[in-house]
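Accompanying notes for the structure given below.
Every chain is numbered from 1 and lettered A, B, ... according to where its sequence line falls, protein lines coming before strand lines. Everything numeric here is computed off the predicted structure, so don't read it as measured data.
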2 protein chains.
Amino acid sequence: MAKKSRYAEIADVLAAEIADQPAGARVSSEHEIAARFAVSRAAARAAVQELEGRLLVRRVRGAGTFVNRRIDYVLSQRKAPSMHQTVREAGGTPRTVVCDVRRVALRGELAARLEQPEGSEAHLLVRQSYIDGLLSGWAQEWIPLDLLPELDAAVHAVESLDSILRQMCGVSPVRAWCRVSYSLPTPEVAVGLESDHTRPVWLIESLSRDGDTGRPVMCSSTWSRPDSTRIIVELDGPWK
Amino acid sequence: MAKKSRYAEIADVLAAEIADQPAGARVSSEHEIAARFAVSRAAARAAVQELEGRLLVRRVRGAGTFVNRRIDYVLSQRKAPSMHQTVREAGGTPRTVVCDVRRVALRGELAARLEQPEGSEAHLLVRQSYIDGLLSGWAQEWIPLDLLPELDAAVHAVESLDSILRQMCGVSPVRAWCRVSYSLPTPEVAVGLESDHTRPVWLIESLSRDGDTGRPVMCSSTWSRPDSTRIIVELDGPWK
DNA sequence: GAGCATTTGTCCGTATGTATT
DNA sequence: CAATACATACGGACAAATGCT
């Protein structure tokens, strides 16, 4: 058996203790860990950084280190393209905060995907999403203007965009196309995620259509923190 | 504008220099960086670790730090379930090394997915995959026995399993189901990937069927190093 | 708002261990 | 075996963000 470094041993002990604690619980400070295991603060720090790398904790400068939990976020054609529902299915509590609602002109790929003329206007909704109170995602969502002229009032009354589209527009959104990748966020995205712009994050690009008519109803780009969600993409063929 | 830490500044300078260099090129050692920027080795080390976090370099103890490149590995129902072809489409050079070929009894989910009776035998092929000479993945692949009794000889003659199935079995494999996630590898997998078992890696589970008959022809679990591939999953609905 | 203690972030210098060449 | 390079570790210091008084 390979000999382990001291900080890795400490990390394993802490990881086992963390496993029994609820999300959000406070983890010992670096000073306390150093004193408890009789090591320097550098070694204690390395152990906590190890836990951060395993996505077991989140650290906040000046505040402390806290137990983290990821939820399984499953993307599939069989499932509704709804963040609120997907999170609830995984046992989490979703919440969204509107950052901005405005009208923008659709260009290029975005216009094509929504099947709107180049330069036509659409709603742009920018939101942060939280899971169990922790910041998880930052999303831009485009919706054709004629589908719902008064989006602003609606999104403040009902958090789930899927519900709004179903109840106010009479459509049944289904995920028609989706692309998931994992790369560095732009500085703007990093701000929205309160994340370092040098750490990779999930990018989920998605197009929803009305399940009955096939009409495009929503296009979105969602960036998601890897420490909040374990993204799972299920791709289904014509069989099964 | 936020003030940057010294190591982040150094990392940015090095990142810009690395961008012009070919994959595999040697990066200055920590000592050289410390001397060049007049900082301690700890700060130089932090800068190089930053680059490692951005997946721009790979570090080998005792050997040095080297420029890394990722390729886009695109998973989609429209594309053949072939590692060799997917890598070549992204501009890389694929290679596979057989670690083990043996017969195993199919159990549970695996048997169900291949539509074989519980406990029936199948080939198990264990391979490492390399991209441009760098270790990229470690895979277990299960193939029904009756499809190709002499798998052992075939995989040593032809590297691409997709080609073998097409040419020797007369099937046209298509990706019928696939699940992609990102989590910590088991110790066994970490060994196969020559990776730390405390760093998350990709897990791609896949089922291939014959495009003509719909018969299951291959089931696989592939673990892939995030520093070798940028996994992209495309999900297509009935419209498009 | 100001002040203070706590906590993580960064950095210095030094030393030793371990893997590769 | 020797030189090189990364890995771990010690102890100390100050900066920056947070939370409370």
Side-chain angles (χ1 to χ4, degrees), chain A residues 1-14 18 24-53 56-68 133-135 190-191 194-199 227, chain B residues 1-14 18 24-53 56-68 133-135 190-191 194-199 227:
Chain A
M1 198 56 208
K3 193 185 167 230
K4 278 200 163 178
S5 56
R6 189 80 183 97
Y7 84 87
E9 288 177 2
I10 296 172
D12 288 340
V13 171
L14 295 176
I18 280 172
R26 192 188 194 83
V27 176
S28 307
S29 75
E30 296 177 356
H31 274 116
E32 289 166 350
I33 294 168
R36 173 179 164 195
F37 293 95
V39 295
S40 71
R41 199 193 135 203
R45 181 174 172 74
V48 181
Q49 279 177 329
E50 172 65 39
L51 297 181
E52 186 180 30
L56 295 177
V57 300
R58 290 193 191 198
R59 332 184 64 193
V60 181
R61 173 193 250 186
T65 302
F66 307 91
V67 176
N68 183 56
L134 291 176
L135 179 57
V191 170
E194 292 172 14
S195 150
D196 195 324
H197 79 283
T198 64
R199 294 292 134 212
D227 57 3
Chain B
M1 196 58 207
K3 189 178 169 244
K4 278 200 165 180
S5 56
R6 188 81 182 96
Y7 85 88
E9 287 177 2
I10 296 172
D12 288 340
V13 172
L14 295 176
I18 280 172
R26 190 186 196 82
V27 175
S28 307
S29 75
E30 297 176 355
H31 273 296
E32 289 165 349
I33 293 168
R36 174 179 164 195
F37 292 96
V39 296
S40 74
R41 214 195 118 199
R45 180 175 172 72
V48 181
Q49 280 177 330
E50 172 65 37
L51 297 181
E52 186 181 29
L56 295 177
V57 300
R58 290 194 191 198
R59 333 182 65 193
V60 181
R61 180 199 286 220
T65 302
F66 306 92
V67 175
N68 182 57
L134 291 175
L135 180 57
V191 170
E194 291 173 13
S195 149
D196 196 325
H197 79 281
T198 65
R199 295 290 134 215
D227 56 4

Worksheet entry | B:Arg61 side chain near D:dT4 phosphate (N/O to OP1/OP2, under 4.0 Å) | no
Worksheet item: Tell me: CZ of B:Phe37 to C1' of C:dC11, nearest whole Å?
Response: 16 Å
Fill in: Nucleotide nearest A:Glu30 when distance is taken to its side chain, options C:dC12, C:dT8, D:dC10
C:dT8
Worksheet item: Base, sugar-phosphate alone, or nothing: which one does A:Val48 contact when heavy atoms must sit under 4.0 Å apart?
Response: nothing
Worksheet entry | Which atom of A:Tyr7 lies closest to which atom of A:Ala47, heavy atoms considered | O-CB, 3.5 Å
Worksheet item: What about B:Arg41, does its side chain sit under 3.5 Å from the base of D:dA7 through a donor-acceptor pair?
Response: yes
Worksheet item: What is the minimum heavy-atom distance between A:Gly24 and A:Phe66, and which atoms define it?
Response: O-CD2, 3.6 Å
Worksheet item: Salt bridge between A:Arg58 and A:Glu194, side-chain N to carboxylate O under 4.0 Å?
Response: no
Discussion item. What is the separation between atom CZ on A:Arg58 and atom C1' on D:dT18, rounded to the nearest whole Å?
Written reply: 17 Å
Item to complete: Using atom CD of B:Glu194 as one end and atom P of C:dA19 as the other, report the distance to the nearest whole Å.
Response: 15 Å
Worksheet item: In whole Å, what is the span from the CD atom of A:Gln49 to the P atom of D:dA7?
Response: 14 Å
Fill in: Under 3.5 Å donor-acceptor, A:Asn68 side chain and A:Asp227 backbone
yes
Discussion item. Taking the minimum atom-to-atom distance to the side chain of B:Arg45, which one of D:dT8, D:dC10, C:dT10 wins?
Written reply: D:dT8
Practice prompt. Calculate the interatomic distance between A:Ile10 atom CD1 and D:dA9 atom C1'; express it in whole Å.
Written response: 11 Å
Item to complete: Measure from the side-chain heavy atoms of B:Ser29 and tell me the nearest of D:dA9, C:dG9, D:dC6.
Response: D:dC6
Discussion item. Can you measure B:Tyr7 atom OH to D:dA15 atom P for me and round it to whole angstrom units?
Written reply: 18 Å
Worksheet item: Does C:dT8 have OP1 or OP2 sitting under 4.0 Å from an N or O in the side chain of A:Thr65?
Response: yes
Discussion item. Heavy atoms only, 4.0 Å cut-off, all strands: where does B:Arg26 land among base, sugar-phosphate and nothing?
Written reply: sugar-phosphate
Fill in: A:Ser40, nearest nucleotide to its side chain (from D:dC10, D:dT8, C:dT8)
D:dC10
Item to complete: Side chain of B:Arg59 only, please: which of C:dC12, C:dT7, D:dC6 is the nearest?
Response: D:dC6
Worksheet item: When you check the gap from the basic side-chain N to the acidic O, do A:Arg59 and A:Glu30 get nearer than 4.0 Å?
Response: yes
Fill in: Nearest-nucleotide 5' precedence on DNA chain D, A:Ala38 against A:Ala63
A:Ala38
Worksheet item: Is any side-chain nitrogen or oxygen of B:Arg6 closer than 4.0 Å to OP1 or OP2 of C:dT10?
Response: no
